[in-house]
There are 2 protein chains.
Amino acid sequence: MKTIGKLAKELNISIETIRFYERQGLIEQPLKPESGYRMYGDALTSQLKFILKAKALGFTLKEIESLMSLSDSCADIESMGLQKLNLIRNKIADLQRLEKVIQDMTDSCKANQDPQSCPVINSLK
Amino acid sequence: MKTIGKLAKELNISIETIRFYERQGLIEQPLKPESGYRMYGDALTSQLKFILKAKALGFTLKEIESLMSLSDSCADIESMGLQKLNLIRNKIADLQRLEKVIQDMTDSCKANQDPQSCPVINSLK
DNA sequence: ATAAACTCCGTACATAAGTACGGGGTCAAT
DNA sequence: ATTGACCCCGTACTTATGTACGGAGTTTAT
C-alpha cells in the first residue's frame, strides 16, 4: 500500500493527474483509513498503468474508459481498434496532403527572385 | 460596405467568429458609423479570406498573425513553412508508428481463438 | 408605427487533459 | 513538540478555437 505521492512518482505522473482520473471516474477512489489519505494497492496501480499505456497508444480518456468497461470482449476491442485505425489513416492522409501544399509553398519561395513579394502571401491574398 | 452578418454569410463563418478574430487582434475593428454597427469593406474582407485560407492550410491563429505581420518578407515565410513542414512530417511519422501498433493489435484479435480473453487487453495489463 | 431581423457588448460555456492554488489536517523525524 | 514533508478538498486557471446567452439598441419591411 502506497500513498498517492509514491504512486505518482512510480508512474511518473503528477498527484493531480491521479486525482483527476479519479474525478473523471476512470479509477475508483481508493480506501482511505483514519488519516483520510488515499492508499493504493496493486489493483489500482496496474489499472493506472493500463490507462497510461492506452494513452500512449493515442486513445482518449473517454475511449480508455470504454476499453476498461468492455472487460474482455475481444470483438469489441477489435472493433474499437479498427475504428481508431481508420481515424489514424485519415489523419495521415490529411497531413500528407498538407505536406505537399506546404512543400510547394516553400519551393516557390526558394525559386522566387523578388524578395519583396512572396508568392505564398500572394497566393493567399 | 457590408454588415457583419452579410460578411459572415459570404465567408461561411459565424458572426461570433469574426468578433472573436477581432478580439484576438487578427483583424482591426472596422469603422462603426453612428449606428454603432461594424461596416466591412474589401480590405477587411480579403484579410479574413486570407485568414481562412491559411487556417485551411493548418496554420494556427497565432501563426497566421505572424504571417500577416511579416508582410512580404519571403525568406521569413519560407522559414515558417519549413518549420511547419518539420512538424507535419514528425506528426506523420508518429501516426505511422501508431498505425502499426494498432494494426498489430487488431490482427492479434482476429487471430485470437478464445473470445473471453483479449490479447490486446492482456498486453495492456 | 410596429414587428421582425439585425447588431451591440460582456460574459460564460464548450472540449481535452490536465495544472495551480490556498488554507487546512497529518505524518515522520529530530 | 516542532518542523518539514506530505496529503486533503474545492475551485480556478490553462490552451486553442470558437459558441451561446441575455438584455439592450438599430434598421428594415410591411
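Computed over heavy atoms, backbone and side chain alike; hydrogens, waters and symmetry mates excluded. Below, chains carry the letters A, B, ... as their sequence lines are ordered, and counting in each starts from 1.
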Could you tell me whether the side chain of [Y] reaches within less than 4.5 Å of the side chain of [X], counting heavy atoms only?
| X | Y | answer |
| --- | --- | --- |
| Phe20(B) | Ile13(B) | no |
| Met68(B) | Ile51(B) | yes |
| Glu78(A) | Cys118(B) | no |
| Lys2(B) | Thr45(B) | yes |
| Ile102(A) | Phe59(B) | yes |
| Ile64(A) | Tyr21(A) | no |
| Gln103(B) | Arg89(A) | yes |

- Side-chain ion pair, Asp107(B) and Lys110(B), N-O less than 4.0 Å: no

- Query: Do Lys91(B) and Asp94(B) meet the salt-bridge criterion of a basic N to acidic O distance under 4.0 Å?
  - Reply: no

- Note on the structure: What residues 36-45 of chain B contributes to the DNA chain C interface at heavy-atom separation below 4.0 Å is Gly36(B), Tyr37(B), Arg38(B)

- Message: I need the residues from residues 13-20 of chain A with at least one non-hydrogen atom less than 4.0 Å from DNA chain C; give them sorted by number, or say none.
- Response: Ser14(A), Glu16(A), Thr17(A), Phe20(A)

- Message: Quick check for you: name the first and last nucleotides of DNA chain C, 5' to 3', having an atom under 4.0 Å from a heavy atom of chain A.
- Response: dA17(C) to dC27(C)

- Query: Looking only at side-chain N and O atoms, does Gln24(B) come under 4.0 Å of OP1 or OP2 in dT15(D)?
  - Reply: no

- Message: Check this one for me: any side-chain N or O of Ser35(B) less than 4.0 Å away from OP1 or OP2 of dT27(D)?
- Response: yes

In whole Å, I'd like the distance from the [atom1] atom of [X] to the [atom2] atom of [N].
| X | N | atom1 | atom2 | result |
| --- | --- | --- | --- | --- |
| Leu7(A) | dC7(D) | CG | C1' | 14 Å |
| Arg23(A) | dC13(D) | CZ | P | 15 Å |
| Ile51(B) | dG18(D) | CD1 | P | 10 Å |
| Lys62(B) | dT14(D) | NZ | P | 12 Å |
| Glu63(B) | dT17(D) | CD | C1' | 14 Å |
| Lys2(A) | dA5(D) | NZ | C1' | 20 Å |

- Message: Categorize Lys9(B) for me: base, sugar-phosphate, or nothing, with a 4.0 angstrom heavy-atom threshold over every strand shown.
- Response: nothing

- Query: Which part of the nucleic acid does Glu22(A) contact within heavy-atom distance under 4.0 Å: base, sugar-phosphate only, or nothing?
  - Reply: nothing

- Message: Using every non-hydrogen atom in the two residues, find where Ala8(A) and Ile15(A) come nearest and quote the distance to one decimal.
- Response: CB-N, 3.8 Å

- List the steps and the verdict of side chain to side chain contact (heavy atoms under 4.5 Å, CB included) for Arg38(A) and Leu7(A). CA-CA 10 Å; Arg38(A) 291 168 177 79; Leu7(A) 180 57; over 6 Å; no

- Item | Most 5' of Thr60(B) and Glu34(B) on DNA chain D, judged by nearest nucleotide | Thr60(B)

